[in-house]
Amino acid sequence: MSPPPLGRTRKRDAQLFDPALCDTELVSVRGQFAQGRWARVRSLLVATGDDWDRRGHRVTVLAETPSATAWAREWLLAEPDSADAATLLACASVHAALRGKGTPQAADEACRHAAALLPADPTPWLGLLMLSRAFGSDEEFSRTFDQVRARHREHHHAHHLMVARLAERDPAAGRDPLHEVYDFAAWAAEESPADSPLAVLPVIAHAERYRVLAAAQGRTAPEAAVEHWTGRRARQVLRSAFDWWLEWEREDHPRNRVDLNFLAHAKLCEGRPAEAAALFHRIGAHATRAPWSYPDRDPTKAFLAARSAALGTA
């Protein structure tokens with residue numbers, strides 16, 4: 001397989017790490033929302049309906065927009081009964097709290113208000129889960145995750161957050177193959193339908209545990225990777241995830257590039273650049289900071305070097 005054309009690399013590389021990923025509708029609407037025009041946001045969220053993974057993706061990306069809190073509040077003033085406006089304001093308040101520009105208490109109240117307006121929607125609970133990830137206890141985080149999962153059993157973003165949280169428990173246990181993060185990821189994958197992207201969750205678990213162990217043990221990424229990704233269980237997990245991708249390849253999922261980045265990273269760590277190359281073809285310019293920043297790396301340099309190594313363009 002020949003590598004894709006990589007001309008105009010500066011322009012392409014400038015698109016790296018856009019949280020909108022490959023959602024072109026979202027990119028267009030976000031540009032207008034950044035200028036205070038929220039009418040198209042309303043239309044976009046209405047069209048998204050109860051595709052909960054896509055709704056969560058779109059709302060959280062829009063919520064990161066500068067001045068998102070102000071524009072969402074303006075929308076809510078114009079339409080006080082709008083659950084979409086309340087949900088966007090809630091998630092914008094979460095991002096403000098995470099940046100230290102707002103209080104966790106205000107964000108919590110906004111999320112709970114939005115949740116009451118549309119009880120079936122897991123998105124306000126996703127906002128609370130992000131908030132709890134930063135400020136809450138393990139018990140609070142688990143309860144909030146259960147609320148998300150009760151509304152959408154396969155919620156992609158929520159499961160990734162849970163895996164990241166679990167991976168941080170008991171770093172002193174080292175490379176314990178029975179660590180709870182692996183059990184949770186395997187359970188979630190087995191509980192999901194055959195075509196669910198959660199089939200890749202065990203790979204996410206290995207990457208998140210790698211982040212924790214490499215940081216805790218103060219070792220460089222290559223040294224940690226060689227030990228972490230060459231065990232029997234890691235190889236089995238990677239084989240299963242790659243086979244799932246070959247069979248199902250959920251291009252329709254809004255966060256599929258997240259999974260592809262984790263899988264490409266893992267394949268390179270495993271020492272299988274040819275398989276990683278196939279994944280980089282699908283990733284295109286849609287890189288994600290995690291896991292290329294693991295454990296403490298410049299994600300841009302790490303991604304570009306990995307892509308060049310896999311595609312033979314170094």
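What you are looking at is a predicted structure, and each value in this text was computed from that prediction instead of being measured. Side chains included, hydrogens not; waters and symmetry mates left out as well; all remaining heavy atoms used.
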*Step by step, would you call Arg58 with Asp51 a salt bridge (charged side-chain N to carboxylate O under 4.0 Å, His left out)?*
CA-CA 11 Å; Arg58 287 175 165 175; Asp51 182 345; over 6 Å; no
*Which residue pairs pass the salt bridge (Lys or Arg N to Asp or Glu O under 4.0 Å) test when at least one of the two sits in residues 59-76, sequence neighbours left out?*
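Pairs touching residues 59-76 that pass the test: none.
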Is there a chain of hydrophobic side chains (I, L, V, M, F, W, Y, each step under 4.5 Å between heavy atoms) that links [X] to [Y]?
X	Y	value
Phe135	Leu166	yes
Leu260	Phe17	yes
Phe262	Leu279	yes
Trp52	Met162	no
Leu268	Leu304	yes

*asked:* Can you pull out every ring-ring contact (aromatic ring centres under 6.0 Å, His included) where at least one residue sits in residues 104-134? Sequence neighbours excluded, please.
replied: none
Between [X] and [Y], does the ring centre distance come in under 6.0 Å?
X	Y	answer
Trp292	His265	yes
His160	His156	yes
His159	Phe145	yes
Phe280	Phe303	yes

Donor-acceptor pair, [X] side chain versus [Y] backbone, under 3.5 Å?
X	Y	value
Ser82	Ala85	yes
Arg209	Gly174	yes
His155	Ala158	yes
Ser132	Leu128	no
Arg169	Arg165	no
Ser137	Glu140	yes
Arg175	Gly231	no

What closest approach, in Å, do [X] and [Y] show between heavy atoms, and which atom pair accounts for it?
X	Y	value
Arg55	Ala83	NH2-O, 4.3 Å
Arg211	Ala164	NH2-O, 3.4 Å
Ala216	Pro171	CB-CB, 4.1 Å
Met130	Leu161	CG-CD1, 3.8 Å
Ala86	Leu117	CB-CD1, 3.5 Å

[atom1] of [X] to [atom2] of [Y]: how many Å apart, nearest 0.5 Å?
X	Y	atom1	atom2	result
Leu131	Leu126	CG	CG	11.0 Å
Asn261	Ile283	CG	CD1	4.0 Å
His286	Arg257	NE2	CZ	5.5 Å

Close side-chain approach of [X] and [Y], heavy atoms under 4.5 Å:
X	Y	value
Asp53	His157	no
Leu311	His281	yes
Thr288	Leu21	yes
Cys111	Thr87	no
Ser28	Arg30	no
Glu25	Arg54	no

*Tracing side-chain links under 4.5 Å among I, L, V, M, F, W and Y, which residues wind up in one group with Leu178?*
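Other cluster members: none.
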*Does Trp75 sit in a hydrophobic cluster with other residues, and if so which ones, taking ILVMFWY side chains as linked at heavy-atom separations under 4.5 Å, directly or through other members?*
Leu26, Val29, Phe33, Trp38, Val41, Leu44, Leu45, Val59, Val61, Leu62, Trp71, Leu88
*asked:* Apply side-chain contact (heavy atoms from CB on, under 4.5 Å) to residues Leu263 and Leu238 and explain how you reach the verdict.
replied: CA-CA 8 Å; Leu263 192 51; Leu238 279 171; 4.0 Å; yes
*In sequence, state the C-alpha distance, the side-chain angles, and the governing distance for Asp23 and His57, and then conclude on side-chain contact (heavy atoms from CB on, under 4.5 Å).*
CA-CA 9 Å; Asp23 191 332; His57 173 64; 4.1 Å; yes
_Which label fits Phe242 and Trp245: parallel for a plane angle under 30°, tilted from 30 to 60°, or perpendicular past 60°?_
tilted
*Between Phe184 and Trp187, what is the ring plane arrangement, given parallel below 30°, perpendicular above 60°, and tilted in between?*
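Phe184 and Trp187: tilted rings.
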*For Asp259 and Arg255, what are the C-alpha separation, side-chain angles and deciding distance, and is it a salt bridge (charged side-chain N to carboxylate O under 4.0 Å, His left out)?*
CA-CA 7 Å; Asp259 291 328; Arg255 283 169 49 89; over 6 Å; no
*Decide if atom CG of Asp296 counts as having more than 12 heavy atoms of other residues, nucleotides or ligands within a radius under 6.0 Å.*
no
_Step-by-step side-chain hydrogen bond (donor to acceptor under 3.5 Å, both in side chains) determination, Gln147 to Arg151_ = CA-CA 7 Å; Gln147 291 289 343; Arg151 290 161 174 80; 2.7 Å; yes
Solution key, residues 92-106 side-chain donor-acceptor pairs under 3.5 Å, sequence neighbours excluded:
{"residue": "Ser93", "atom": "OG", "partner": "Leu89", "partner atom": "O", "Å": "2.8"}
{"residue": "His95", "atom": "NE2", "partner": "Thr60", "partner atom": "O", "Å": "3.4"}
{"residue": "Thr103", "atom": "OG1", "partner": "Ala106", "partner atom": "N", "Å": "3.1"}

Acceptor/donor pairs from residues 195-206 side chains to any protein atom, 3.5 angstrom cut, sequence neighbours excluded:
{"residue": "Ser196", "atom": "OG", "partner": "Glu154", "partner atom": "OE1", "Å": "3.1"}
{"residue": "Ser196", "atom": "OG", "partner": "Leu198", "partner atom": "N", "Å": "3.1"}

*Between Glu208 and Glu168, does a side-chain contact (heavy atoms from CB on, under 4.5 Å) hold up when you go through it step by step?*
CA-CA 8 Å; Glu208 294 293 357; Glu168 293 165 1; 5.9 Å; no
*Where do Arg239 and Arg272 land on the side-chain contact (heavy atoms from CB on, under 4.5 Å) test, with the steps shown first?*
CA-CA 11 Å; Arg239 182 73 264 165; Arg272 302 183 72 90; 4.1 Å; yes
